[in-house]
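The next block holds one structure in the form of structure tokens; read it before the comments.
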Number of protein chains: 2
Amino acid sequence: MVTIGDVAREAGVSRSTASYALSGKRSISEPVRLRVAEVAKSLQYTPNAGARSLATSQTKVIGLLAQFLEDEFAPAMLQYILGVSNTARELGYDVLLVTEPDGTAALRRISDSRMIDGIVLLNVAEDDARLEVLRAAQQPGALVGLPKDTRGVDVFDLDFEEAGREMVEHLHRLGHRELILASQPEHVVERGGAYVWRLQNAAAAAAAARGITLHTAFAPASQPEVGTALHELLDTYPDATALLVNNEAAAAALPSVLNARGISSPRDLSVLGRYSDEFARTFSLPFSSIESAPDRLGSMAVRQLVRRIEGEIGPGDPFVTRFVAPEIVDRGSTAPPR
Amino acid sequence: MVTIGDVAREAGVSRSTASYALSGKRSISEPVRLRVAEVAKSLQYTPNAGARSLATSQTKVIGLLAQFLEDEFAPAMLQYILGVSNTARELGYDVLLVTEPDGTAALRRISDSRMIDGIVLLNVAEDDARLEVLRAAQQPGALVGLPKDTRGVDVFDLDFEEAGREMVEHLHRLGHRELILASQPEHVVERGGAYVWRLQNAAAAAAAARGITLHTAFAPASQPEVGTALHELLDTYPDATALLVNNEAAAAALPSVLNARGISSPRDLSVLGRYSDEFARTFSLPFSSIESAPDRLGSMAVRQLVRRIEGEIGPGDPFVTRFVAPEIVDRGSTAPPR
DNA sequence: CTCCGGTGTCGAACCGGTTCGATGGTGGTG
DNA sequence: CACCACCATCGAACCGGTTCGACACCGGAG
């Protein structure tokens, strides 16, 4: 293992000079600087991360807490993770991925032991137990998902209320007067996934304001139950002309459901989902959807987190809660009703 | 931040005694041991990871290199990651997830800087550039995926050859005499995904040995092209009575393809895939399949890696290449031909 | 009563970086 | 020619753990 001492000796300078030459934190004569750099390169010197973190109290690592909960659609999670990971690397940080079920214990462990400079929480619930631990931690935190209490953390989420409104208004403009909204399972809501309500309530309010009918239902997140549930919904409300889907599993199951019923979109039924474009492409979902922008949200969270870590904004600066505006990606599955 | 010095002072002992009391590496009188433990707890002492790694040359972190390549089915990757992450935690390790495209640079970075004790490589290609770096690294490495040259690393993979044989033999036993095998895109093979060939060649050999016909084809990994390709395959070989699918995207697209053709499995066509049970459940795939066991493979790789890290087996002990035996999960999609 | 061995504790050194204060040498100015 | 300022460099201390060798104290054996 080659240390900065080896580099210094080889270059004929002191350790401190070698350090300054490499970091540029003090002025060093050009010839010395070049020689040190050259030696460092030829010896393949790489600073020891542990030693550096001990000396600087910086690890250049971000903790990423992802929960894989029952009834949550796992493949969607991957896109948030990639958004975080790729942006972190771009900003010079590595990512410590923690998936253990007990998020509070995990958070305490990596925070107290100073393994990380900051923390990103995915899958944040309305009343998330991890938040208390996060607020007590020394490191700043950023969330993807909106909790009830946003004090002390930066928050990023899709604007689910605007999404709900937008979905209803879009179909209303096309002339639809009776809609169905298939949400995540009630289980998800009970666990604190308030985004389900946020979208649903806003959609209901928008429908009421326009005097149109919106039937809402929780649909299972697992196959094949969700297919059955969709069939039942369509049977129950035969006059509905459009289906809103806030449930990835339901969206994935929908093509075969429509097929089985011998109907097609948008001819017989307008369909509007809420998922990412990546998701749509992977599973060939031909439905227009509100873009859930997981990569963008993960990326935003990391950028803000790094700004706090690096002191560009301090603990004095106000914490932000920023919503990504929903945008409809048109895949041609909505049209005026027959 | 509370250090071991604080604990020692509070307990009225020296730093070294406090350290020994907590680690148990030397005999310490019971009362002192208890007092130190108590103080540590009341002060919420947690060792500084950087300092500890500097002193012990151990980080208790495993590096996980995952590549997200074009034409590779991303959701499948998540299951390997979870297998690694969960097992690592179980064994007391955290996971540094690296997704950057340039795997060799990433590997060098985290290895040389001593951020990690060992390395797991996912998505290993026949001739993987990362292997050279890994062999030169100080830390042991474990692979998921079989490269040409396995020297110096422990390797875990599904036995794709046996899988190919097994698929053909299973259908032969049922009486099928003309089969189609839809593989991953040729692109994946060219990049070094030899597992495609391993399965395909073994399947072809088994078919030849039994004197039955096997049509093979590369199918796209993206939607909706893969659906089109499947239609073409079924059109081209109208007498084939069974379809083997070594391509997740194709498997996901198959239900709507069958639906569109008005045929069902296993009545009109026996179908046998190669993917994980988790995958099947998530996407409601009603097809029997060879279990690809991503969680198990990830878990095995980590266990072996930790054994090497902790010196249970040394660099002298032989490196293993271990194959998981393919097992068919029967979901009722294979039957004798009509 | 002395000597010996073992047990429990302590001080100091070390891991590999960064950073502060001090110092020697240089050039420019009065 | 003396003085000052500044630049480049060095030595030492520090971050927070672990671990080695030394040593004090104790009980038991001779």
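We name chains A, B, ... by the order of the sequence lines, and we start the count at 1 in each one.
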**OP:** For B/Asp112 and C/dG17, give me the distance from atom CG to atom P, rounded to whole Å.
**Re:** 12 Å
Subject >> Under 3.5 Å side-chain donor-acceptor pair for A/Ser113 and B/Asn48 >> reply: no
**OP:** Report the distance from atom CG of A/Asp6 to atom P of C/dC15, rounded to the nearest whole Å.
**Re:** 11 Å
**OP:** For D/dG17, take OP1 and OP2 only and decide whether either is under 4.0 Å from a side-chain N or O of B/Ser19.
**Re:** no
Subject >> OP1 or OP2 of D/dC7 under 4.0 Å from side-chain N/O of A/Ser27 >> reply: no
**OP:** For B/Arg33 and C/dT9, give me the distance from atom CZ to atom C1', rounded to whole Å.
**Re:** 16 Å
**OP:** Please tell me which of A/Arg52 and B/Ile28 maps to the more 5' nucleotide of DNA chain C, matching each residue to the nucleotide holding its nearest heavy atom.
**Re:** B/Ile28
Original post:
Regarding A/Asp154 and A/Gln304, is there a side-chain donor-to-acceptor distance under 3.5 Å anywhere?
Top reply: yes
Subject >> Whole angstrom value for the distance that separates P of D/dG16 from CD of A/Gln58 >> reply: 15 Å
Subject >> Value in whole Å for how far the P atom of C/dC15 lies from CD of B/Gln138 >> reply: 16 Å
Original post:
In whole angstroms, how far is the P atom of D/dA8 from the CZ atom of A/Arg35?
Top reply: 14 Å
**OP:** Taking all heavy atoms of B/Thr59 and all of B/Asp117, pick out the closest pair and write down the distance.
**Re:** N-OD1, 2.8 Å
Original post:
Atom CG of A/Asn48 and atom C1' of C/dT18: how far apart are they, to the nearest Å?
Top reply: 13 Å
Original post:
What are the two closest non-hydrogen atoms of B/Leu43 and B/Val2, and how far apart are they?
Top reply: O-CG1, 3.5 Å
Original post:
Do the charged groups of A/Arg33 and A/Glu30 touch, with an N to O distance under 4.0 Å?
Top reply: yes
**OP:** Could you identify which residues of residues 37-46 of chain B place a heavy atom less than 4.0 Å from some atom of DNA chain C, listed by residue number, or say none?
**Re:** none
Original post:
Which atoms form the tightest heavy-atom contact between B/Ala8 and B/Ala18, and what is the distance?
Top reply: CB-CB, 4.0 Å
Original post:
Considering only D/dG16, D/dC7, C/dG16, which nucleotide approaches the side chain of A/Ala51 most closely?
Top reply: C/dG16
Original post:
Going by distance alone, is a donor N or O of one side chain under 3.5 Å from an acceptor N or O of the other, for A/Ser292 and A/Ser276?
Top reply: no
Show me the protein contacts with nucleotides 10-14 of chain D, counting only N or O atoms at under 3.5 Å.
residue, atom, partner, partner atom, Å
D/dC10, OP2, A/Ser14, N, 2.8
D/dC10, OP2, A/Ser14, OG, 3.2
D/dC10, OP2, A/Thr17, OG1, 2.5
D/dC10, N4, A/Arg26, NH1, 3.4
D/dG11, N7, A/Ser16, OG, 3.4
D/dG11, O6, A/Ser16, OG, 3.1

**OP:** Tell me whether the OP1 or OP2 atom of C/dT9 has a side-chain N or O from B/Ser29 closer than 4.0 Å.
**Re:** yes
Original post:
A/Leu54 CG to C/dG16 C1': how many Å, rounded?
Top reply: 9 Å
Subject >> Side-chain heavy atoms of A/Leu107 within contact of A/Leu65, under 4.5 Å >> reply: yes
Original post:
Does a nitrogen or oxygen in the side chain of A/Lys25 sit under 4.0 Å from OP1 or OP2 of C/dT18?
Top reply: no
Original post:
Pick from A/Val144, A/Leu91, A/Leu64, A/Asn86: which one makes a side chain to side chain contact (heavy atoms under 4.5 Å, CB included) with A/Val302?
Top reply: A/Leu91
